[in-house]
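In each ligand, atom 1 is the first atom listed, and ligand 1 is the first ligand listed. In what follows, every heavy atom counts, from backbone to side chain, and hydrogens, waters and symmetry copies are set aside.
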Amino acid sequence: MKLYFFLLITLCVFYSSEIPAQQKPTTGAVDVIKMEELKRDLYAMADDRFKGRESGTLDELKVSVWLAEQVRLAGLEPAGDDGTFFQFFSLQRTRLSSLNSSVTAGDRSYLIFKDALPMISAAASVAAPTVYIADFAAIANLDLKDKIAVVPVSSQGINQNVSIPGRRYFRSVYQKYAPALINKGVAAIILIGDEEAEKNWNAIAPVLQRGNYRVDVPSAQQAVLSSAVPALWLHTSEHDFFKTTPTVTIKLVIESFEYPSVNIVGKIPGTDAKLKKEYVLFSAHHDHDGIRSAVNNDSIYNGADDNASGSVALLGIARAFRKKPARRSALFVWHGAEERSMLGSRWFANFPSVPKADIAAVLNADMIGQNHPDSMALLGSQSPHKNSSDLVAAALEANDAGPQFKLDVKWDKTDHSEGFYFRSDHMPYARVGIPAIFYTSLLHPIYHTPADEAKTINYPKLLKVTQWMYLTGWAIGNTTERPKVDEGFKLER
Ligand SMILES: [Zn+2]
């Protein structure tokens, strides 16, 4: 017995020392990443002085200058425009003019954004009789052509168990009624709010007043409600008046603006003469929600988790690559205007500062410092969101070798109510055919509130996630074959 045991031990020792060096997972310069530095950077970036880093404002430009300086100190080479760390792009904003727009019904008039909330930011000029729809199920029998349909809404069938439910309520209800009405040829839609709408009116009004932001990219697929049929919400108190079917006149006037936003881009060149022309792209976003409605007397949305956490992780990873470069080059992109619907990444994915075909993979971090210390999610790891089995396998291997997070897979499923895969900067890259994954510790009660502050971050967890991303990127940076895009990859929307 003893002899067998001895032999077995000897065999094991012998065997493990015989694994060829290149098959052992190597950990590169992972020890360069320090929790204290992540914490220092995060407190600086989520500080009140940046006023919530709202994109298209000076506060976003201010934090981008701070960030570029950290990137320079970390030893990265500029990889933006004209030998700088900056890649500027234009945000195009359209919104309805509250001064020049008007809505009247009979002898009543309504102020846009106060008395009437427009769901569609498009110019319109409509004067038509109204039809009061008491029973929506029976609209098949109504003649609504060129009329203004008035619908007292009901929240029946609307899923309220979602993040920022108040803001999403208006769009969900609009989508419940609008398609059928538009099919009937209505000239405009008036939704009379219910109790739920009244409760959330003040939260949605400033959001709608901001209007729409977009960037000029060919493959935009930017989800903006773009129907030509104007749609307005009115207060519950208007209900009885509209039973008298007054004639309504709607005049909506558009204003357009252009603002600068910016991606910060740096690189660490690879060591392999051939592979160094390819890039492992590490992605995060530096903007957040700025100054909005106050909660507990605090109106600054600091975005510590969203997404100072991912931003400082990239700084840590950059320092490790600086200490020990991989065979491929490492590219670091801190995107602007993510909170305006991923506009910085839509821009970079279409107009990258390195050849698009040379981007081997995108590793995106967004909100990585909250929730259970041992749990994480890797979005883009489940079909149909998985666009590269090779990349996902590398990430799972790095998790096994490193932090061993328990990985949630529910949030990457098509039937999950949050649709979270479609809500961060990896997605535009997947759409243009680049292997892409998304590291996140998922939503939490202080998501998109002024309470998302540096003191709430779990720093040991943030360190572990940063190490995991680094180890994945380090592996991808050194393999001879770059990760392939899976054949037949197609997103469900
Ligand atoms: Zn975010």
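The aromatic ring centroids of Tyr470 and Phe282 lie 6.0 Å or more from each other. Residues Tyr421 and His426 place their aromatic rings such that the two centres sit under 6.0 Å apart. Annotation: His335 is in aromatic contact with Tyr429 [ring centroid separation under 6.0 Å].
Distance check for Glu339 against the Zn ion (ligand 1): none of its N/O/S atoms falls below 2.8 Å. Residue side and main chain included, His285 places an N/O/S atom under 2.8 Å of the Zn ion (ligand 1).
When distances from the Zn ion (ligand 1) to the N, O or S atoms of Asp306 are compared, OD1 comes out shortest.
A salt bridge is defined here as a Lys NZ or Arg NE, NH1 or NH2 lying under 4.0 Å from an Asp or Glu carboxylate O, and Glu258 with Arg93 fails to meet this definition.
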